[in-house]
Structure formats: structure tokens, C-alpha cells
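Here is how names work: the chains are called A, B, and so on, in the same order as the sequence lines, proteins then strands, and each is numbered from 1.
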There are 2 protein chains.
Amino acid sequence: MFYSISQAAKKFNLTTHTLRYYDKIGLLPTVGKSSSGLRRFSDNDLNCLAMIECLKETGLKLKEIKKYFVLALKGDETIDERMQMMIDQKSRIEQEIKSLKQNLKKIEFKIKYYQTAKNVGESNVYNEYPQMLAEHDKLFK
Amino acid sequence: MFYSISQAAKKFNLTTHTLRYYDKIGLLPTVGKSSSGLRRFSDNDLNCLAMIECLKETGLKLKEIKKYFVLALKGDETIDERMQMMIDQKSRIEQEIKSLKQNLKKIEFKIKYYQTAKNVGESNVYNEYPQMLAEHDKLFK
DNA sequence: ATAAAATTTAGAGTATGCTCTAAGTCAATA
DNA sequence: TATTGACTTAGAGCATACTCTAAATTTTAT
């Protein structure tokens, strides 16, 4: 089963422009062409796209993603290297989740701060509420 | 207490170039200048920088961060708007953490897949292990 | 057969966030 | 006093990831 570029784009909420751009930079090395030059996306190409989207969403640069697929194309002797890329990516994601959780706490404090400020009717809560100030310092310093 | 641009940069692991850039785009509206034109970062300015870093790390664009500080400068009548910005940002962060956790699972599957492939001594594990294929489909489709 | 819709290419343009350079000014020290 | 180092500005350049255009070709529908 083959898909046109717009069918493939639709499946991943991308534009055809984006898919052609990915092809151009070598991110889709297995996508074929029909006799008249139209791109034909196979099921395997769609699996690649799913992986591209996954890696993109976790912050991997397109250059790195390309490196991954180029390695995959080389065959079994690159398994170790590809596995190491995924292990590295795993720890980057874990670190990112950790960082987001910490920053979420700061944002939640800000919301609480604004609620207090609204109740008190003034925004200069820091001076009035030493306890809040202490909490602020703990979070932001 | 005041800090030079390089002292401020050091505290936040930024370059002086970056701080001047932030100043230029209006992200540091309260930073003053000495009589001879040198920037003077107050403790409050450093607090702003801490908030800028927090918002940056959670993916907010500099334009939005600027909007936040411009609102803060306007005073109490913008508290509601600023609080809404933080509430919106909170849900974006929560969504982002969710997405990262899902993608982490996919990466972890890939690692497991490579380990299996290594044990079996071939990379075409999908055909040999229908169970793994099913797991792959569940994660990637 | 023909018109409309989809595809192709090369290449230009855009948005974001820096990053660096050049030329000059200012402050501290030997 | 001279030099070193930090600072200033304007503005150019860079990396990433698209995004769009134009002109030509192909496919699909009537």
C-alpha cells in the first residue's frame, strides 16, 4: 500500500511542504518515486515518520534524527550506535521532565501569589508577606 | 546592591551578548544605567532574570515573556491578565510533561527492541516477534 | 478532451534566538 | 601616563525549521 505526499502529510498533521523539506534534507531516505516522479510513501515510510515525530517532540534536532535514519539504513552493524542514541535521548527526556516539573512549581507559586495579591488588593505582596517572600526565594534562587 | 552585565550574566549562565539582546528587545525594562552609560542590574532585575529563565525553560517565547513584564510594569490593573498568562502556561507545561512521558515510553521500547535484536543477532525483529510488533503498533500508531 | 487539482523543482523568504564583529568609550592598575 | 580589560552601540551573520512562490508537469474528474 502506497500513499501520496498529501495523504502522508494528513496522517501526521504536517504540510506537503514540510514533507518535501524533510525529503530534501535526507530525513526520508526510503521514500520512492513513481515512474512520473511522484513520491510514494510506503507503510514503512509512515513508520519512519512516526519515529521522526516522536523524536522531534522530545527535542531532537532534525540533523540528529537524520543521523539516526542514515545509521538504520546501514544495517545491523550500527545497532549499538542507534541504541546508544536512544539511551542518550532517554536521559535527556528524563532531565527535561524533571526541569519542567520544577518550573511548574514556580509558575504555580506565581498563580498563588497573584491570588493573594488580588485578595489583599495590592501587588506588592513581597514586602507585606515575608512568608511568601521566603517561598519565592526558595523557588527562584 | 548593583551588578555589572558580566556579573549578572555569570549568575544565570548567559553571555553579556544575550543580556544586551534581551535589553534591546525590551525584556529588561527596569535595568538602569550608570552616569557613564553602563548597565546596572539591581536585585529586582536579577529576580526578573530568574523569571525569564523559568519561562524560557518552559517554552514560552521571548515575545510573550516581554508581554508579561510590560504588563507587570503597568501595575495592579494588569494582575488578572498576568495571572491568566500563568494559568495558561501551567496547562501548557502539564500538557508538555504528558507528551514527553508518552514519547519516553516509545524511546524505551526502541531500546528494548535493540536489546532483543542484539540477542537474536538480527535487526529484523518485527517479523520474528509478533508480540514486539504489536507493542510497536500500540505505541507508534 | 479539457479543466481543475495535485504534484514537481529550485530557490527565496520568515521567525526565533542568539552570536559575533567593529569601532569606540570608560575604569582600574602598573 | 599608558595599557589592559570591561563596557557601549549598531548592525551583520548564523542555525534551525519551516513556509511560500513560480513555473512546469501529472493526475483526476467531467
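A:L46 is listed as a side-chain neighbour of A:F12, based on a closest heavy-atom distance under 4.5 Å. Annotation: side chain of B:L38 is not in contact with side chain of B:I5 (no heavy-atom distance under 4.5 Å). Counting heavy atoms from C-beta on, the side chains of B:T16 and B:L19 never come closer than 4.5 Å. You'll find the side chain of A:L28 reaches within 4.5 Å of the side chain of A:F41, heavy atoms only.
Ion pairing between A:E94 and A:K90 holds under the 4.0 Å rule for side-chain N and carboxylate O. Between A:E53 and A:K56 there is a salt bridge, since at least one side-chain N of the basic residue sits less than 4.0 Å from a carboxylate O of the acidic one.
Contacts of A:Q7 classified as side-chain contact (heavy atoms from CB on, under 4.5 Å), with partners at least two apart in sequence or in another chain: A:Y3, A:S4. Shown here are the side-chain contact (heavy atoms from CB on, under 4.5 Å) partners of A:I87, two or more places apart in sequence or in another chain: A:M83, A:Q84, B:I111. Considering only residues two or more places apart in sequence or on other chains, A:K11 meets the side chain to side chain donor-acceptor pair (under 3.5 Å) condition with none of them. With sequence neighbours left out, the side chain to side chain donor-acceptor pair (under 3.5 Å) criterion links A:N13 to no other residue. Partners of B:R39 according to the side chain to side chain donor-acceptor pair (under 3.5 Å) rule, which considers only residues two or more places apart in sequence or in another chain, are B:D23.
Judged by distance alone, the side chain of B:T116 and the main-chain N or O of B:K112 form a donor-acceptor pair under 3.5 Å.
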Result block: side-chain N/O donor-acceptor pairs under 3.5 angstrom for residues 58-73 of chain A, not counting sequence neighbours:
residue: A:T58; atom: OG1; partner: A:C54; partner atom: O; Å: 3.4
residue: A:T58; atom: OG1; partner: A:L55; partner atom: O; Å: 2.8
residue: A:T58; atom: OG1; partner: A:Q89; partner atom: NE2; Å: 2.8
residue: A:K66; atom: NZ; partner: A:I25; partner atom: O; Å: 3.3
residue: A:Y68; atom: OH; partner: B:Y114; partner atom: OH; Å: 2.6

Dump every N/O contact between nucleotides 2-4 of chain C and the protein below 3.5 Å, one line per pair.
none

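Of the residues in residues 55-66 of chain B, none has a non-hydrogen atom less than 4.0 angstrom from any atom of DNA chain D. Listed by residue number, the members of residues 16-27 of chain A with any heavy atom below 4.0 angstrom from DNA chain C are A:R20, A:K24. Contacts between residues 35-43 of chain B and DNA chain D, defined by a heavy-atom separation under 4.0 Å, are made by B:G37, B:L38, B:R39.
Close approach of DNA chain D to chain A, defined as any atom under 4.0 Å from a non-hydrogen atom of the protein, starts and stops at D:dT16 to D:dT27.
If you check every strand for non-hydrogen atoms under 4.0 Å, B:T15 touches nothing.
In this structure, B:K110 forms a cation-pi arrangement with B:Y113, its terminal cationic atom sitting closer than 6.0 Å to the ring centre and no more than 45° off the ring axis.
Listed by first and then second residue, the salt bridge (charged side-chain N to carboxylate O under 4.0 Å, His left out) pairs that reach into residues 41-51 of chain A come to none, sequence neighbours excluded.
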